[in-house]
Asker: 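This is the structure I have questions about; it appears just below.
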There are 2 protein chains.
Amino acid sequence: MSTDLPPAQGTPTLEDVARVAGVSRATVSRVINGIRNVAPEIQETVQQAIATTGYVPNRAARSLVTRRTGSVALVVSGAGGDAGGEPFESQVFADPFFGRVAGGAVAFLRPRGIHPVLMFAETAHARDQVIGYLRQGSADGALLVSTHGEDPLPRLIVEAGLPAVLWARPARPTPISYVDLSHRAGAELAADRLVARGCRRVATISGPFDVRASQDRLSGFQDAMARYGHPYIPGVEGNFTHDSGEAGMHRLLAEHPDIDGVFAANDLMAQGALLALRERGRVVPDDVAVIGFDDSSAATASRPQLTTVRQPVEDMAGEMARLLLAHIEDSDFQVTSVIFPPSLVVRQSA
Amino acid sequence: MSTDLPPAQGTPTLEDVARVAGVSRATVSRVINGIRNVAPEIQETVQQAIATTGYVPNRAARSLVTRRTGSVALVVSGAGGDAGGEPFESQVFADPFFGRVAGGAVAFLRPRGIHPVLMFAETAHARDQVIGYLRQGSADGALLVSTHGEDPLPRLIVEAGLPAVLWARPARPTPISYVDLSHRAGAELAADRLVARGCRRVATISGPFDVRASQDRLSGFQDAMARYGHPYIPGVEGNFTHDSGEAGMHRLLAEHPDIDGVFAANDLMAQGALLALRERGRVVPDDVAVIGFDDSSAATASRPQLTTVRQPVEDMAGEMARLLLAHIEDSDFQVTSVIFPPSLVVRQSA
DNA sequence: GCACGGACGGAGAGCGCTCTCCACCTCGTG
DNA sequence: CACGAGGTGGAGAGCGCTCTCCGTCCGTGC
């Protein structure tokens with residue numbers, strides 16, 4: 001029986017719904033959470049009461065007792081001290097990569113009613129803030145993307161016993177789950193393509209040597225070329241920027257004018273290389289074939305468009321989210337890693 | 001006196017701190033929140049107890065009583081129904097613009113201990129989810145970036161009486177605060193520059209006519225040129241993509257081969273125009289000067305680099321955050337709008 | 001016909017915090 | 001010297017929800 005009492009002022013609570021439906025708070029709670037059997041007709045009555053009152057459960061009250069917030073932190077983390085310089089937030093987002101990560105994570109989390117809280121951790125202070133945030137139960141766990149291998153945050157998180165999943169293997173061994181790409185396999189894909197095109201004198205523009213992924217891309221490429229009978233691959237070191245790619249290509253051409261293929265460790269550098277090649281009058285891909293890495297927006301903005309190694313970033317981010325939820329649900333969930341295979345996106349440059 | 005009792009298991013609570021410090025819960029709360037006078041020596045004792053217990057206030061418990069969460073939603077919103085198509089999340093982040101907005105908002109919010117929750121609202125269902133999220137008190141308000149003028153979300157938010165601030169003026173009048181750019185002033189800057197360079201036969205590649213900002217950029221440019229004695233400005237309509245800029249430029253050149261200046265409504269289209277011009281053998285900026293809009297990463301990736309109108313996106317996003325906090329603190333805060341002036345970033349293309 | 005078990009709804013105890021009283025103590029003042 | 005004002009700390013009532021008990025009721029089997 002619905003005893004129509006005057007509606008309470010303010011936002012309705014469970015109590016109000018219970019009164020309208022003529023049942024107890026507990027029953028309404030059961031209906032909402034779908035736990036245990038509640039007689040169908042009572043369920044119906046309760047649903048109706050919820051509709052008429054416009055009831056929405058209060059998140060804070062619920063988390064207080066369940067010890068779950070239904071949100072996770074998405075942390076972009078650097079390795080700096082408390083130095084100045086350009087605002088970290090703007091640097092981070094200059095790279096659409098983070099957007100893809102966010103998009104991939106959201107695609108997985110959203111259907112589950114979970115939303116990511118955006119955080120940055122580039123200074124010691126900011127790191128403490130992140131840890132504090134997690135410790136005070138504002139989020140159930142963290143998805144962590146480090147821009148630098150020496151990032152201390154993973155260790156701090158492990159020490160605090162907080163659930164978290166990393167993007168990419170941490171530089172120093174840490175008992176924490178992560179998702180990564182097989183950079184070596186990606187480099188092999190590039191080597192296969194260049195060789196298949198008939199390139200005989202290929203060179204590389206690598207990323208910084210102190211970045212793990214750079215090393216893997218370089219050595220993977222060298223090893224694959226060695227298997228094809230090319231033991232020596234000229235190379236220059238770039239720093240993942242457009243300009244370093246352009247400069248690197250000029251250097252390469254100066255020392256090895258007969259180059260007919262280039263593997264750049266990311267698209268930005270490949271784009272720079274394209275520019276240098278044009279300046280030197282080389283036609284891509286006829287004179288020199290170029291392959292990038294990442295399949296970023298630079299790949300399609302370049303002319304010719306870049307053939308490039310694609311990381312399934314969105315899928316990888318989704319997997320991070322999946323692992324994080326597993327860790328949150330089950331604190332005994334084993335620390336694990338998932339390595340994704342890259343694919344080659346063939347466009348015009350090779 | 002600190003009566004050293006055995007530490008409770010699990011995370012310490014106010015109660016635990018109080019026991020260790022030998023005071024009441026209320027006093028600890030006062031010290032933490034800095035309210036009313038507490039004798040300095042007791043403050044000291046309490047601080048020490050907090051340190052030794054490693055106490056962190058529980059967010060849920062606090063919000064339950066304060067009715068504040070200390071977080072805001074950052075909503076990227078479309079106008080679609082429940083149609084399929086490419087995942088909205090990936091589309092959104094293909095554009096680094098959203099990253100800049102997020103960065104600007106975070107720069108303002110973070111020092112205040114507030115973190116944004118990332119949400120998307122491209123379908124009716126997703127919109128309900130956002131409203132529900134806000135209504136259940138998961139966030140204190142929303143920063144809203146609509147990708148489409150007809151977005152129904154602003155209205156829904158107003159109806160629900162939730163604090164929110166929009167990016168850009170809503171298409172239909174809505175009593176809600178917003179931050180916008182003076183697109184007309186930006187177009188004038190471009191006109192001034194082209195005229196100052198001596199261009200006499202300028203044309204435009206505009207954005208879609210059904211987007212308010214496109215209209216303003218176009219009419220602002222036309223009006224400014226009219227003041228300079230150029231009553232007729234040829235133009236084509238693009239859709240803000242690289243390809244539409246390229247195609248548009250080809251059309252423009254076909255119909256008006258003597259063009260010596262182009263104003264494109266965004267950088268991506270300007271970049272496309274650059275490509276078309278090169279194909280037709282026109283030298284930029286000597287034969288044809290090109291000006292873009294947005295100062296996006298495309299502006300610096302192009303060769304020559306683009307002269308472009310810059311929106312102070314980060315500042316604008318920061319202002320959104322400021323307004324939102326004002327609305328949250330004071331529900332009587334007047335609905336307002338803040339219009340930012342653009343600036344011209346001169347590079348090589350004009 | 002009666003006991004027993006299972007299905008179902010209600011009562012009530014918290015979750016950890018804030019904040020309003022209220023009691024107390026110490027001054028200052030008439 | 002008494003009294004009031006003002007500064008300080010404590011007690012306790014919730015905030016809205018979940019979840020464990022527990023009681024009730026009905027159906028079933030011997």
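Order of the sequence lines sets the chain letters (A, B, ...), proteins ahead of strands, with each chain counted from 1.
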Asker: Listed by chain and number, what are the side-chain contact (heavy atoms from CB on, under 4.5 Å) partners of B/Arg169, not counting sequence neighbours?
Answerer: B/Tyr178, B/Asp180, B/Arg212, B/Asp216

Asker: Any carboxylate oxygen within less than 4.0 angstrom of a Lys/Arg side-chain nitrogen, looking at A/Glu159 and A/Arg155?
Answerer: yes

Asker: Who are the side-chain contact (heavy atoms from CB on, under 4.5 Å) partners of A/Ala61, not counting sequence neighbours?
Answerer: A/Asn58, B/Leu64

Asker: Going by side-chain contact (heavy atoms from CB on, under 4.5 Å), name the residues that satisfy it together with A/Val338, two or more places apart in sequence or in a different chain.
Answerer: A/Val179, A/Glu319, A/Leu323, A/Phe340

Asker: To the nearest 10°, let me know how far the axis at one end of the helix from C/dG1-D/dC30 to C/dG30-D/dC1 is tilted from the axis at the other, five pairs an end.
Answerer: 50°

Asker: Please give me the minimum heavy-atom distance between A/Ser138 and A/Ser71, naming the atom from each residue.
Answerer: O-OG, 3.2 Å

Asker: So, does B/Arg59 use its side chain to make a donor-acceptor pair with the main chain of B/Thr69 at under 3.5 Å?
Answerer: yes

Asker: Taking only residues two or more places apart in sequence or in another chain, which ones pass side-chain contact (heavy atoms from CB on, under 4.5 Å) with B/Ala326?
Answerer: B/Phe333

Asker: Scan nucleotides 13-19 of chain C nucleotide by nucleotide, 5' to 3', and note B when protein non-hydrogen atoms come under 4.0 Å of the base, S if they reach only the sugar-phosphate, - if neither.
Answerer: B-BBBBB

